[in-house]
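Below is one structure, written out as structure tokens, with a few remarks after it.
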Protein chains: 4
Amino acid sequence: MIDRILSATAQVLAEKGYAGLSTNRVAAAAGVSIGSLYRYFADKNELIEQLRARSSADVLADLTGALTAAVTMPARDGVHHILSVLVHAVQRHRAVTTAMIAEAPLGAHGNILPEVERQLAQMTRLFVAVHAPGLDPLEADARIHLAMGVTLNACLRIALDPPPGVTEDRLISLTADLLVLGLVPDL
Amino acid sequence: MIDRILSATAQVLAEKGYAGLSTNRVAAAAGVSIGSLYRYFADKNELIEQLRARSSADVLADLTGALTAAVTMPARDGVHHILSVLVHAVQRHRAVTTAMIAEAPLGAHGNILPEVERQLAQMTRLFVAVHAPGLDPLEADARIHLAMGVTLNACLRIALDPPPGVTEDRLISLTADLLVLGLVPDL
Amino acid sequence: MIDRILSATAQVLAEKGYAGLSTNRVAAAAGVSIGSLYRYFADKNELIEQLRARSSADVLADLTGALTAAVTMPARDGVHHILSVLVHAVQRHRAVTTAMIAEAPLGAHGNILPEVERQLAQMTRLFVAVHAPGLDPLEADARIHLAMGVTLNACLRIALDPPPGVTEDRLISLTADLLVLGLVPDL
Amino acid sequence: MIDRILSATAQVLAEKGYAGLSTNRVAAAAGVSIGSLYRYFADKNELIEQLRARSSADVLADLTGALTAAVTMPARDGVHHILSVLVHAVQRHRAVTTAMIAEAPLGAHGNILPEVERQLAQMTRLFVAVHAPGLDPLEADARIHLAMGVTLNACLRIALDPPPGVTEDRLISLTADLLVLGLVPDL
DNA sequence: TATGAATGAGCGTTCATTCAT
DNA sequence: TATGAATGAACGCTCATTCAT
């Protein structure tokens with residue numbers, strides 16, 4: 001039931017945009033009474049938040065796989081792989097992501113993908129520790145914080161608003177270069 | 001009066017968020033009748049757009065100054081200077097920026113300051129042409145597109161959500177390094 | 001509920017006139033929330049249209065009965081009967097009629113009861129065909145068009161703004177004479 | 001000034017319809033401040049009422065001429081002449097008449113052309129007294145009341161919503177026959 | 001548990017009217 | 001006298017939320 005409602009939410013979002021997302025419409029799309037919707041979700045915010053969480057978890061699953069694969073690759077290749085997986089994950093959730101970025105009052109829900117950022121940051125800390133062991137931890141954290149912004153922003157741009165005339169793969173490569181250089185310039 | 005209303009808009013935005021921004025609320029906050037608001041602004045959209053334009057113009061003025069100053073500096077110092085000015089401009093317009101950018105922090109199109117990005121991109125194109133004349137134009141444009149995302153995103157993070165334990169100046173320095181490396185790696 | 005709202009609409013119309021007819025006022029008069037009103041009527045127009053349709057159907061029912069009865073009567077008596085029924089139907093729907101017809105008493109298009117006029121016109125065409133078979137069809141249609149105006153206008157005058165000193169029945173008789181003479185002068 | 005405002009009112013009525021008639025718009029169209037408008041007209045109602053009165057006076061002037069001419073004609077010709085003049089007068093004021101019939105809350109202002117009806121009724125009383133001296137006065141008044149409705153309604157229909165396939169002159173002739181027959185059947 | 005009719009605060013917007021200048 | 005900026009009640013309408021069944 002919860003799943004049915006969340007899927008309907010995503011569908012309404014895709015079809016009508018954030019402005020067209022009403023609880024009554026979601027309930028109708030889910031083939032569920034509005035009363036039932038409120039049995040499973042305290043309010044509209046929670047509905048949105050859980051949809052975001054669900055997308056986030058889905059992306060996270062992909063990311064975990066990518067991270068596992070990446071550890072056995074050369075540094076730059078690993079970064080490239082992770083970025084590529086992220087870009088495709090964002091594209092898969094285009095509807096939710098677009099609607100939320102473009103229109104949702106996200107102030108209430110924080111970042112769109114905080115879990116993803118957290119997991120990614122953790123992994124990156126490991127990566128930095130391995131490849132630049134001499135770096136001051138605070139300095140490393142600062143770099144990682146910035147890098148997270150760069151990573152997520154770049155993935156969103158590449159997935160949802162790519163510049164014309166350049167392949168997606170080239171954009172990912174450029175971003176990977178940027179990140180590796182930014183994180184461990186001496187590599 | 002126009003000023004009073006726009007300021008009230010920024011204030012309501014800061015206090016209630018984008019979703020809580022209503023014309024009646026703005027009028028009340030401005031100590032003005034709702035009728036007066038509609039004498040000066042055709043509709044709610046225009047109100048928002050003018051607030052954005054006003055912030056944009058303000059930031060743009062700073063940016064133009066910074067760009068002028070930057071041309072006479074060594075490349076990295078110039079970038080650092082520009083970033084610094086941008087960070088402070090964002091801080092000055094925290095309310096607008098938070099409501100309109102930071103609520104969609106990874107914003108692919110979430111640039112409420114397209115004029116700023118445009119001007120910055122133009123300047124960056126010049127910079128790249130000077131420092132990396134051999135670069136393929138399409139490739140250069142792709143890099144610039146990414147760099148714009150990085151720049152604006154980093155400025156927002158530094159201004160509105162800085163990581164603890166590191167000075168703002170250090171963060172700006174790191175970003176400057178990242179950008180210069182990313183744009184003209186052979187420098 | 002629908003009935004309650006439509007009755008309230010008629011009541012507000014009677015008390016405040018067409019210009020004073022607001023959806024909120026209707027809802028209040030019906031002892032119903034404004035939200036409920038909009039559950040049953042898509043918008044204000046539909047509310048008005050359904051009230052009109054309902055009155056129209058009611059009048060039409062009377063009219064149909066009267067027409068059936070009239071065919072077995074001598075011509076003048078039949079016309080008299082029909083007029084009488086119409087006058088009473090108008091009186092019964094005084095509120096709606098007053099608001100929508102009588103406020104534009106000379107109404108060229110002011111027929112809020114087009115179905116009634118249509119049905120009446122059809123019957124009249126038959127009547128003319130029977131009693132004045134030699135008449136040119138276009139000429140007949142013109143007479144009928146005028147006669148419809150005369151009929152409805154007279155009924156309204158008799159029902160809502162009768163001249164003093166004469167019985168209603170006498171007025172109806174005069175109108176019947178006028179109509180029969182006007183339609184088939186040679187009768 | 002008063003004239004300028006009334007003309008502007010008629011113009012706005014013609015261009016925007018009754019629903020688009022606002023005092024501010026009228027003032028703007030008249031090239032006069034809204035404050036001045038309210039110096040000359042107590043409120044919007046008065047503005048409308050005076051416009052109606054002005055049109056009425058204009059029609060009345062024509063009517064008076066027609067009546068004068070009609071007294072020297074044979075009865076039916078006189079009636080035909082009067083109707084013809086009325087039809088053209090209504091056509092000349094098409095904008096005002098249409099707007100007011102179709103949309104104005106005339107409940108507040110009564111008939112559109114009460115002065116015209118009054119004058120016409122007076123003249124008709126004379127006509128009946130001459131041509132049917134034996135008629136009971138109350139009965140005569142009833143006939144006249146009905147005839148006024150017929151006359152004005154027919155003129156409006158002929159002027160604003162004529163049936164197709166028949167000339168205006170024929171319609172006027174039919175109406176004249178109807179009226180003469182209805183008023184003094186023994187003629 | 002599930003339903004969906006009912007609610008009503010609040011939205012963006014209009015416009016007749018006032019009054020300080 | 002003339003101005004027009006300012007007012008605010010009221011409009012049509014939406015939608016998150018409740019609660020009797």
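Within every chain, numbering begins at 1; the chains are lettered A, B, ... in the order of the sequence lines, protein sequences first and strands thereafter. Quick note: numbers below take in every heavy atom, side chains included, and nothing from hydrogens, waters or symmetry partners.
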Atom pair CG/NZ of Leu37(D) and Lys44(D) - distance to nearest 0.5 Å: 11.0 Å
CG-CZ distance between Asn45(B) and Arg52(B), expressed to the nearest 0.5 angstrom: 11.5 Å
Any Thr23(C) side-chain N or O less than 4.0 Å from OP1/OP2 of dG12(F): yes
Distance, rounded to the nearest Å, where Asn45(D) contributes CG and dA16(E) contributes P: 11 Å
Between CG on residue Leu51(D) and OG1 on residue Thr9(D), distance to nearest 0.5 Å: 6.0 Å
Distance below 4.0 Å between Ser33(C) side-chain N/O and dT7(E) OP1 or OP2: yes
Arg92(B): partners by side-chain hydrogen bond (donor to acceptor under 3.5 Å, both in side chains), with sequence neighbours left out: Asp58(B), Asp62(B)
Sugar-phosphate, base or nothing in reach of Leu21(A), heavy atoms under 4.0 Å: sugar-phosphate
Sugar-phosphate only, base, or nothing, as touched by Phe41(A) at under 4.0 Å among non-hydrogen atoms: nothing
Residue pairs involving residues 2-12 of chain C (criterion salt bridge (charged side-chain N to carboxylate O under 4.0 Å, His left out); sequence neighbours excluded): Asp3(C)-Arg54(C)
Euclidean distance, atom OH of residue Tyr40(D) to atom C1' of dT1(F) [Å, nearest integer]: 7 Å
Presence of Ser36(B) side-chain N/O under 4.0 Å of dA5(F) phosphate oxygens OP1/OP2: no
Which nucleotide in dT14(F), dT7(F), dA16(F) has an atom nearest any side-chain atom of Ile34(C): dT14(F)
Sugar-phosphate only, base, or nothing, as touched by Ser22(D) at under 4.0 Å among non-hydrogen atoms: sugar-phosphate
Arg39(C) CZ to dT17(F) C1', straight-line distance once rounded to whole Å: 13 Å
Pairing stems for DNA chain E [at least three consecutive pairs; Watson-Crick or G-U; under 3.5 angstrom]: E:2-21 with F:2-21
Under-3.5 Å donor-acceptor pair between Asn24(C) side chain and dA10(F) base: no
Where Tyr18(A) and Leu13(A) come nearest, the two heavy atoms and their spacing: CA-CD1, 3.8 Å
Side chain to side chain contact (heavy atoms under 4.5 Å, CB included) partners for Gln50(B), two or more places apart: Leu6(B), Phe41(B), Glu46(B)
Gap between atoms CD and P, on Glu46(A) and dT17(F) respectively (whole Å): 11 Å
Protein-nucleotide distance (Leu37(B), atom CG; dT7(F), atom C1'), rounded to Å: 13 Å
Partners passing side-chain hydrogen bond (donor to acceptor under 3.5 Å, both in side chains) against Ser55(C) (at least two apart in sequence or in another chain): His93(C)
Nearest-Å distance for atom pair NZ/C1', residues Lys44(C) and dC11(F): 8 Å
From CZ (Arg39(B)) to CE (Met1(B)), nearest 0.5 Å: 11.0 Å
DNA chain E-proximal residues of residues 1-8 of chain A, any heavy atom under 4.0 Å: none
side-chain hydrogen bond (donor to acceptor under 3.5 Å, both in side chains): pairs with one or both residues in residues 20-34 of chain B, sequence neighbours excluded: Ser33(B)-Ser36(B)
Distance, rounded to the nearest Å, where Lys16(B) contributes NZ and dG10(E) contributes P: 10 Å
Side chain to side chain contact (heavy atoms under 4.5 Å, CB included) partners of Gln91(A), counting only residues at least two apart: Val87(A), His88(A), Arg94(A), Ala159(A), Glu168(A)
Asp43(D), nearest nucleotide to its side chain (from dA2(F), dT17(E), dT3(E)): dT17(E)
All side chain to side chain contact (heavy atoms under 4.5 Å, CB included) counterparts of Arg118(B), not counting sequence neighbours: Pro114(B), Glu115(B)
Pairs: protein N or O with nucleotides 19-21 of chain E N or O, under 3.5 Å:
none

